[in-house]
Asks: 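Okay, here's the structure, questions in a sec.
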Number of protein chains: 2
Amino acid sequence: MANIKTKTYHHGNLEQALLVAGFQEARGTGSRNLGVNSLAKEVQVSPMAVYRHFPSGESLKANISQLGREEMARQMIEAISRQAGVKNRFQAVGRAYIQFALDEPGLFAVAFTACDAPPKREDSPSAWLVFQDSILDLCTEGLIDASEVEHVSAFAWAAVHGYATLAGGKDPMRPKATEQVISNLLDRIWSGIVGEGVQNR
Amino acid sequence: MANIKTKTYHHGNLEQALLVAGFQEARGTGSRNLGVNSLAKEVQVSPMAVYRHFPSGESLKANISQLGREEMARQMIEAISRQAGVKNRFQAVGRAYIQFALDEPGLFAVAFTACDAPPKREDSPSAWLVFQDSILDLCTEGLIDASEVEHVSAFAWAAVHGYATLAGGKDPMRPKATEQVISNLLDRIWSGIVGEGVQNR
DNA sequence: TTGCCATGTTGCTAGTATAAACATTACTTA
DNA sequence: TAAGTAATGTTTATACTAGCAACATGGCAA
């Protein structure tokens, strides 16, 4: 008797359904099919229904984008939790950041674009907050001075994010994405953080 | 008698006009108004005329994108030419790269996206080739070993590009874009290149 | 001069976002 | 429980966009 197609007029949880569908789509094809019509069709709903939950298509995209940042944060936290020691933990965060970009290029791209409109929910653990925290750890462990936090943060984040962006892209000139290159990169970042030649300490 | 509106049926140099118009538009508003219709209207031509010169709108965008990379390369070369000494020259390139992203956010954004379709002309001096060259200089000057070039290149490019992207973006968490921060960043990159703690040398 | 062909045009189809008006259902309150 | 209201859908319409096909113009070459 079950499995009758009860086509309810009201979807039930359209907002969540749109976000999930968008998340999956982003995972697969990046930001190409994240439009209002496309996602509305995906969840079997008329395009205008979307606007009952998001003020614009941009807003919907922005919220999907944040889901990407949260998923990324989750994986970074997971990676940290398996490490002991300041340096190991710090490099694990960077590695997770990079690995996410390589494993989930679509999600990564969406996570770092389409953030024009403000998302509905507050910023739950977002990727760069986790990153920021890992640098504060360096501070509490006495490896860097409190006055350096801003500079170190900018440097480390830039290097990791830049590599993630470039290596994950499709430009023919992009740097290789091998374990070798990544390890070396993280070592050089470490060197740039605690190294000798840095002025303004 | 003069100044009669000689409305020629044939534009004369539509391809160039479209590229120039697109370049200006990118400079002003980024990639928002780089569509076929929009640019066609800008040069007072029907949208379909564009397709006589570019196979698709994507292709047009890709060519504008390359103009951006070339302009960037020009400024980087200019910056290098005013410096003496390996370290100075290297840091000048990085600084120019970053400065371009801050001075011309629209152009920078367009230069590093919309490169899906291949451009028509061959890659004339493109931004990262200039960057690459500056790292080869470090090699010929004996500061790094030839075996390190790939790693150093990935590291330095990543750090500079990452910072340029993040600092030029509009995320509220983005790093500050002050002379202080930039100088410090370039010092830390230098430390990561020639520093002590780096493995795999 | 004739005619080809590069370069423009219009008209069309399909896809997109989103505003306005209307329909249905869920929730609340007497 | 019945009635009213708010939430959540749908349809219809306007105004964009990219790009195909067919047609028009005019410069250049035989």
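Keep in mind that this is a model prediction, so the values were computed, not measured.
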Asks: Of all the choices, C:dG8, D:dT11, C:dA17, which nucleotide is nearest to the side chain of A:Ser46 once you look at every atom?
Replies: D:dT11
Asks: Within the structure provided, determine whether B:Ile80 and B:Met76 are in side-chain contact (heavy-atom separation under 4.5 Å).
Replies: no
Asks: Under 4.0 Å between a Lys/Arg side-chain N and an Asp/Glu carboxylate O for A:Glu148 and B:Arg188?
Replies: yes
Asks: Report yes if the distance between the aromatic ring centroids of B:His161 and B:Phe131 is under 6.0 Å, otherwise no.
Replies: no
Asks: At a heavy-atom distance below 4.0 Å, what parts of residues 12-30 of chain A sit against DNA chain D?
Replies: A:Gly12, A:Leu14
Asks: Take the angle between the ring planes of B:Phe112 and B:Tyr97 and call it parallel below 30°, perpendicular above 60°, tilted in between.
Replies: tilted
Asks: If I take atom CG in residue A:Leu39 and atom P in nucleotide C:dT18, what distance separates them, rounded to the nearest angstrom?
Replies: 13 Å
Asks: Rounding to an integer number of Å, can you tell me how far A:Leu34 CG sits from C:dA17 P?
Replies: 10 Å
Asks: From C:dT7, D:dT10, D:dT17, pick the nucleotide closest to the side chain of A:Val45?
Replies: D:dT10
Asks: Take B:Leu60 and B:Leu34 through the side chain to side chain contact (heavy atoms under 4.5 Å, CB included) test and state the conclusion after the steps.
Replies: CA-CA 8 Å; B:Leu60 171 53; B:Leu34 258 40; over 6 Å; no
Asks: Please name the pair of heavy atoms, one in B:Ala146 and one in B:Cys139, separated by the smallest distance, quoted to 0.1 Å.
Replies: CA-SG, 3.5 Å
Asks: Over how many whole Å does the gap from B:Lys41 atom NZ to D:dA15 atom C1' extend?
Replies: 11 Å
Asks: Could you tell me whether the side chains of B:Glu42 and B:Ser38 share a donor-acceptor contact shorter than 3.5 Å?
Replies: no
Asks: Using whole Å, what does the distance between atom P of nucleotide C:dG15 and atom CZ of A:Arg32 come to?
Replies: 16 Å
Asks: Are B:Glu78 and B:Arg74 close enough for a salt bridge, meaning some N to O gap below 4.0 Å?
Replies: no
Asks: Given D:dG9, D:dA18, C:dA17, identify the nucleotide with an atom nearest to the side chain of B:Val36.
Replies: D:dA18
Asks: Taking atom P of C:dT16 as reference, at what distance in whole Å does atom OH of A:Tyr51 sit?
Replies: 11 Å
Asks: List in chain and number order the residues that pass side chain to side chain contact (heavy atoms under 4.5 Å, CB included) with B:Arg52, two or more places apart in sequence or in another chain; answer none if no residue qualifies.
Replies: none
Asks: Any side-chain N or O of A:Asn37 under 4.0 Å from OP1/OP2 of C:dG15?
Replies: no
Asks: Is there any protein nitrogen or oxygen under 3.5 Å from a nitrogen or oxygen in nucleotides 21-28 of chain C, and what are the pairs?
Replies:
from   : atom 1 : to     : atom 2 : distance (Å)
C:dA23 : N3     : A:Tyr9 : OH     : 3.1

Asks: Does a side-chain N or O of A:His53 approach OP1 or OP2 of D:dA7 to a distance below 4.0 Å, or not?
Replies: no
